[in-house]
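A short worksheet on the structure shown next.
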Amino acid sequence: MERRPLVARTTSAGGRKGGPVTLALVAQRAGVSTQTVSNALNSPELLAPGTLKRVREALDELDYRPHQAARSLRTRSSRLIGYGVQPTPPGLSTPVTDHFLHALSDSADRAGYRILLFAAPLGTADEAERYDELLREHSVDGFVLSNTYRGDKRPGWLHKNGVPFIAFGRWSARDTGDWVDVDGAHGTAAAVDHLVAAGHRKIAFLGWPRGSGVGDDRAGGWREAMRQHDLPVRDLRVSSLDDVDAAREAVARVVGRATAVVAASDTLALGCYRALRDAGLSPGRDVAVVGFDDSPAAGLLSPSLSSVRQPLDEVGRACTRILMARIKDPAADPGRVLLAPELIVRESSSAEHRP
């Protein structure tokens, strides 16, 4: 079967307007062979710097863009990374997911890949079928998983089928595959240390119901830090769904017993603000509050909310780096990275507390 050359359309002065630009045309412009042009596109390390510079100048002049489908046939690589998007409940903001996806897309783009978004409801019977469909129809090179949870079947299915993947989160039931995560326990412990240094001794925790990997991790950091400071935790932990009104009702049970509250998310912290005001108390002045995630709203609240910021840009870069390594070498040792978040101190916890 005759192979057609990779082609691209151009409107530059160097090529025919609207006509195809082939490797041969680029080679002619640069004064090199078509194989040299191919090496410049796919294996630039094989070329001398001067030759590579000359070919790239010709590529730019002719506005050459390799056709992705043709490149996929030749290299057996689609340069596509699949990312499943889960539905968001009405009224719920997802700043962490949005920031992570932007960071991931940017780092993948720099590596020469594109993120292919697809609808992937979690926990459904046809969940594995959606991933299999992406492999069959789009030949994606690998997947990025987010919102991992205990009992998550995706890592096991992908590993069993030899599909490269990286997970943002380490909470699948099986310790399978590569992952990048943020140390939530470190973040809540840093919040407790900060509050203790400000004079607080009765520090409550407003978290999610037990059973969530992320939530239990953040609660564990609070509990261990309280133990390290020899402070009581009895009757100081309350749980709520990640909803402002539910958090408002839940935290009301510790208002009056605690001088500070560490929340597992900024959404829960906002519910705490409302509960305190219902009780005639002022967040930041009467009761210190620290959230988690440092969402855009944190700096806009009054008083501005202290919060634990996740290093999402670094997470995105690490996910791309590890996944590229896995695609290159499927037999490599597991790549696992746990990153520390940063406590951002603002008005809601900056006042010194005097018992």
Side-chain angles (χ1 to χ4, degrees), residues 1-83 99-117 134-135 137-144 163-166 178 180 312-330 332 335 337:
M1 179 182 294
E2 180 185 1
R3 278 192 169 184
R4 296 182 179 180
L6 298 181
V7 299
R9 297 288 177 178
T10 181
T11 57
S12 70
R16 290 175 295 173
K17 185 174 182 179
V21 176
T22 65
L23 291 184
L25 286 175
V26 176
Q28 184 180 18
R29 173 61 66 89
V32 298
S33 68
T34 55
Q35 182 59 53
T36 298
V37 177
S38 178
N39 287 341
L41 291 168
N42 302 295
S43 302
E45 69 278 2
L46 298 178
L47 301 183
T51 303
L52 180 60
K53 180 175 182 292
R54 193 161 70 251
V55 174
R56 285 178 171 172
E57 287 174 349
L59 291 168
D60 289 341
E61 290 171 6
L62 294 173
D63 195 25
Y64 179 84
R65 296 291 183 271
H67 190 280
Q68 185 61 61
R71 171 179 281 185
S72 297
L73 289 174
R74 179 172 50 79
T75 64
R76 298 184 181 275
S77 171
S78 66
R79 312 294 286 186
L80 292 174
I81 301 300
Y83 181 85
H99 190 162
F100 167 68
L101 182 55
H102 180 274
L104 177 68
S105 299
D106 181 65
S107 60
D109 182 69
R110 293 174 184 274
Y113 283 75
R114 294 289 184 270
I115 301 298
L116 177 64
L117 300 179
L134 266 291
L135 290 167
E137 296 185 0
H138 297 278
S139 300
V140 297
D141 293 337
F143 290 95
V144 175
V163 181
F165 72 92
I166 181 74
D178 304 324
V180 177
L312 296 175
D313 290 332
E314 192 174 352
V315 171
R317 290 192 295 270
C319 282
T320 298
R321 182 180 69 253
I322 294 172
L323 182 57
M324 297 302 100
R326 176 62 57 198
I327 291 172
K328 183 177 180 180
D329 183 4
V337 175

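Every value quoted in this text rests on a predicted model; they were computed, and no experiment measured them. Position 1 is the first residue of the sequence; numbering continues from there.
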Original post:
When you measure from the side chain of Asp141 to the backbone N and O of Arg79, does any donor-acceptor pair fall under 3.5 Å?
Top reply: yes
Original post:
When rounded to the nearest 0.5 angstrom, what distance separates CZ in Arg114 from CG in Asp109?
Top reply: 4.0 Å
Subject >> Exercise: identify the closest heavy-atom pair between Val55 and Ala40 >> reply: CG1-CB, 3.5 Å
Give every donor-acceptor pair under 3.5 Å between a side-chain atom in residues 322-329 and any protein atom, sequence neighbours left out.
from	atom 1	to	atom 2	distance (Å)
Arg326	NE	Asp178	OD2	2.9
Arg326	NH1	Pro330	O	2.8
Arg326	NH1	Ala332	O	2.8
Arg326	NH2	Asp178	OD1	3.0
Arg326	NH2	Asp178	OD2	3.4
Arg326	NH2	Ala332	O	3.1
Arg326	NH2	Asp333	O	3.1
Asp329	OD1	Ala331	N	3.1

**OP:** Please say whether more than 12 non-hydrogen atoms of neighbouring residues, nucleotides or ligands are located less than 6.0 Å from CD in Glu57.
**Re:** yes
**OP:** Under the side-chain contact (heavy atoms from CB on, under 4.5 Å) rule, collect the residues that match up with Ala58, sequence neighbours excluded.
**Re:** Val26, Arg29, Ala30
**OP:** Identify the two heavy atoms, one from Phe100 and one from Leu312, that lie closest to each other, and give their separation to 0.1 Å.
**Re:** N-CD1, 4.2 Å
Original post:
Checking side-chain hydrogen bond (donor to acceptor under 3.5 Å, both in side chains) for the pair His102/Asp313: CA distance, chi angles, key distance, verdict?
Top reply: CA-CA 8 Å; His102 180 274; Asp313 290 332; 5.5 Å; no
Original post:
How many angstroms lie between CG in Leu80 and CG in Leu134, if you round to the nearest 0.5 Å?
Top reply: 9.0 Å
Original post:
With a 4.0 Å cut-off, would you call Asp60 and Arg56 a salt bridge?
Top reply: no
Subject >> Leu25 CG to Leu62 CG distance, which is reported to the nearest 0.5 Å >> reply: 7.0 Å
Original post:
If you round to the nearest 0.5 Å, how far is CG of Leu116 from CZ of Phe143?
Top reply: 8.5 Å
Original post:
Quick one: side-chain contact (heavy atoms from CB on, under 4.5 Å) partners of Gln35, sequence neighbours excluded?
Top reply: Ser33, Ser38, Asn39
Subject >> Nearest heavy-atom neighbours spanning Leu104 and Tyr83 >> reply: CD2-CD1, 4.0 Å
Original post:
Between atom OG1 of Thr51 and atom CG of Leu46, what is the distance when rounded to the nearest 0.5 Å?
Top reply: 11.5 Å
